[in-house]
Amino acid sequence: MKKLILSLLVLTLVAGLAFAGGSKEKATVVLNKDKPLVFFNRQPSDPTTGVIDMTAMNFNASTYYVGFDAAGGGAVQGKLITDYLTACDASIDRNGDGIIGYVLCIGDVGHNDSKARTEGARKALGTWNGSTDPTVKKEGSITIGGKTYKVVELEGKAMTGTDGSTWNANAATEAMGGWATKYGDQIDLVVSNNDGMAMGCLQASNYPAGVPIFGYDANADAIEAIGAGKLSGTVSQNVDAQAAGTLQVIRNLLDGLTGADVYTKGFTTPDQYGNKITPEVQYKADQRGLFALNAGVNKDNWTSYTEGTRDPGIKQTNAPVKKVILTIYNSADNFLSSSYLPALRYYAPLMGIDLTVVQGDGQSEASCLDKFLNLNSFDAYAINMVKTNSAADYTDKLKY
Ligand code: BGC
Ligand code: CA
């Protein structure tokens, strides 16, 4: 009997100790300030100078950016356009004045991706004058069929909606209508820094039929429009690699990886679940950023970019499910809503990520911030800001 009482006592003691151990573990709960934080698509940066906001990027050791090579993409877009033009005959100069006139849909003058595309197109066309300001440009030149033409940017516009939202497709429809009336057959080419605005231009009832038009993003409707001969080209910024990349970095951080493992596992080597993103994604230490690469898409290769081509390198894992809150600056943005979000929703469950998505209105940061709530109940945060210089508004909410 004594023995039994003794062993019961020992058992109680051991159980008590184990319990204390357990609750001690609970006490070391990860604070929000130490949780993984990944910015994506809008790189924390100064809207005027484009300088990266490294204070935000160094918020904690688990802060990263995932985007794509914006400068490289601008160059791809520029080359796509000049390759098209140089393969044309003299009829490309619609009014025969020896000038290739074009109009430009800029998007968001304070967004690094927008700036890089303006720069890429202007450099290729020779109209780059060292500034992404819509009004600062110079005359370029291009040789088509042995004849040298001047290249003139007739007008460029940011495309801000009546509600203040940027990259606005309706604003592009309206601007295109105005340009078609104002410039008539002086317009030989339309350049748009994203597909949403390009598709918007094509909606203008007086769009000059047959005038080549280029977008960016390779959204499903744009790819279809290339197939239908309405859009001349677009650039794939590899949305699958970006969406999967955003989630992979978070997964790695939540699995406790540190150092180079964070941006190599699942990228250059398989992760512990055997997953690896197929396309190349480059890491730039000075920006704490991972960048997908771009590819030009036109009538020769559009069939390889049709909807539903997901990365076979990412398969179902048995990773412990973690909760992540993710913001999207504008629920009406064609790229983010019709390309990025479906990709996120496809890859997240495979990687054991339970996503809560909150979307803003594209104009006020509060439209996202007001829904960036219950932060203690999430294991990590993924942020697409309304303005590129708003990172502190989010990190301030995570500072404890
Ligand atoms: C996309 C645009 C999009 C913008 C939003 C860019 O990377 O190419 O289509 O509107 O991001 O931030
Ligand atoms: Ca002309």
Side-chain angles (χ1 to χ4, degrees), residues 39-45 47 65-74 76-77 85 88 90-103 105-118 120 139 141-142 144 147 149-154 158-161 165-169 171-172 183-189 192-200 208 211-212 214-222 234-239 242-243 246 291-292 294 327-341 359-360 362-363 368 383-388 390:
F39 292 96
F40 68 97
N41 172 266
R42 304 196 146 211
Q43 191 166 20
S45 52
Y65 173 70
V66 178
F68 68 99
D69 174 15
V76 169
Q77 191 187 28
L85 291 177
C88 285
S91 67
I92 182 73
D93 176 13
R94 291 167 71 221
N95 61 358
D97 64 353
I99 297 170
I100 303 298
Y102 76 96
V103 286
C105 302
I106 293 174
D108 174 355
V109 276
H111 190 303
N112 275 355
D113 296 350
S114 181
K115 291 184 211 274
R117 293 172 201 170
T118 295
E139 204 175 272
S141 75
I142 191 163
I144 303 172
K147 177 176 170 188
Y149 294 80
K150 285 182 189 170
V151 182
V152 170
E153 186 175 304
L154 301 165
M159 303 306 172
T160 307
S165 67
T166 51
W167 304 87
N168 191 292
Y183 298 107
D185 60 7
Q186 279 179 272
I187 302 175
D188 301 311
L189 168 72
S192 171
N193 285 344
N194 84 357
D195 285 343
M197 298 182 297
M199 297 307 284
V211 165
F214 291 83
Y216 199 113
D217 285 341
N219 289 343
D221 59 345
T234 186
V235 178
S236 164
Q237 52 168 295
N238 218 325
V239 71
Q242 287 183 66
T246 294
F291 301 89
N294 303 266
T327 74
I328 286 183
Y329 89 106
N330 184 359
S331 60
D333 183 279
N334 301 53
F335 172 67
L336 285 157
S337 63
S338 78
S339 290
Y340 209 108
L341 191 51
Q359 304 196 58
Q363 35 148 335
C368 270
I383 312 270
N384 173 239
M385 302 160 287
V386 174
K387 297 273 176 257
T388 56
S390 297

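Order of appearance sets the numbers: ligands from 1, and atoms from 1 within every ligand. Worth saying up front: this structure is predicted, and the values here are computed from it rather than measured.
Here the side chain of Asn384 pairs no donor or acceptor atom with the backbone of Asn41 at under 3.5 angstrom.
Ser114 has its side chain within reach of Trp167: a pair of non-hydrogen atoms, C-beta onward, lies under 4.5 Å apart. Side-chain contact between Tyr149 and Ile99: absent, with no pair of heavy atoms (C-beta onward) separated by less than 4.5 Å. Ile144 is listed as a side-chain neighbour of Ile100, based on a closest heavy-atom distance under 4.5 Å. In this structure, the side chains of Tyr329 and Leu336 come closer than 4.5 Å at one or more pairs of heavy atoms. Under the 4.5 Å side-chain criterion, counting only non-hydrogen atoms from C-beta, Ile106 is not in contact with Lys115. Residues Phe39 and Val66 are not in side-chain contact: their nearest non-hydrogen atoms beyond the backbone lie 4.5 Å or more apart.
Note on ring orientation: taking the six-membered ring where Trp is involved, the planes of Tyr216 and Phe68 are tilted (angle from 30° to 60°).
As for Asp93, its N/O/S atom nearest the Ca ion (ligand 2) is the one called OD1. If you look at Asp97 and ask which of its N, O or S atoms sits nearest the Ca ion (ligand 2), the answer is OD1. Closest to the Ca ion (ligand 2) among the N, O or S atoms of Asp188 is OD2.
Residue contacts to the Ca ion (ligand 2): Tyr149 brings no N, O or S atom closer than 3.0 Å. Taking backbone and side-chain atoms together, Ile99 has an N/O/S atom less than 3.0 Å away from the Ca ion (ligand 2).
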Would you mind listing each N/O atom of ligand 1 next to any protein N/O under 3.5 Å, plus the distance?
from: ligand 1; atom 1: 7 (O); to: Asn41; atom 2: ND2; distance (Å): 3.1
from: ligand 1; atom 1: 7 (O); to: Asp113; atom 2: OD2; distance (Å): 2.9
from: ligand 1; atom 1: 7 (O); to: Arg117; atom 2: NH2; distance (Å): 3.3
from: ligand 1; atom 1: 7 (O); to: Gln237; atom 2: NE2; distance (Å): 3.4
from: ligand 1; atom 1: 8 (O); to: Arg117; atom 2: NH1; distance (Å): 2.8
from: ligand 1; atom 1: 8 (O); to: Arg117; atom 2: NH2; distance (Å): 3.0
from: ligand 1; atom 1: 8 (O); to: Asp217; atom 2: OD1; distance (Å): 2.4
from: ligand 1; atom 1: 8 (O); to: Asp217; atom 2: OD2; distance (Å): 3.3
from: ligand 1; atom 1: 8 (O); to: Gln237; atom 2: NE2; distance (Å): 2.8
from: ligand 1; atom 1: 9 (O); to: Asn194; atom 2: ND2; distance (Å): 2.9
from: ligand 1; atom 1: 9 (O); to: Asp217; atom 2: OD2; distance (Å): 2.4
from: ligand 1; atom 1: 10 (O); to: Asn194; atom 2: ND2; distance (Å): 3.2
from: ligand 1; atom 1: 10 (O); to: Asp333; atom 2: OD1; distance (Å): 3.4
from: ligand 1; atom 1: 10 (O); to: Asp333; atom 2: OD2; distance (Å): 2.5
from: ligand 1; atom 1: 11 (O); to: Asn41; atom 2: ND2; distance (Å): 3.0
from: ligand 1; atom 1: 12 (O); to: Asn41; atom 2: OD1; distance (Å): 2.8
from: ligand 1; atom 1: 12 (O); to: Arg42; atom 2: NE; distance (Å): 2.8
from: ligand 1; atom 1: 12 (O); to: Arg42; atom 2: NH2; distance (Å): 3.2
from: ligand 1; atom 1: 12 (O); to: His111; atom 2: NE2; distance (Å): 3.0

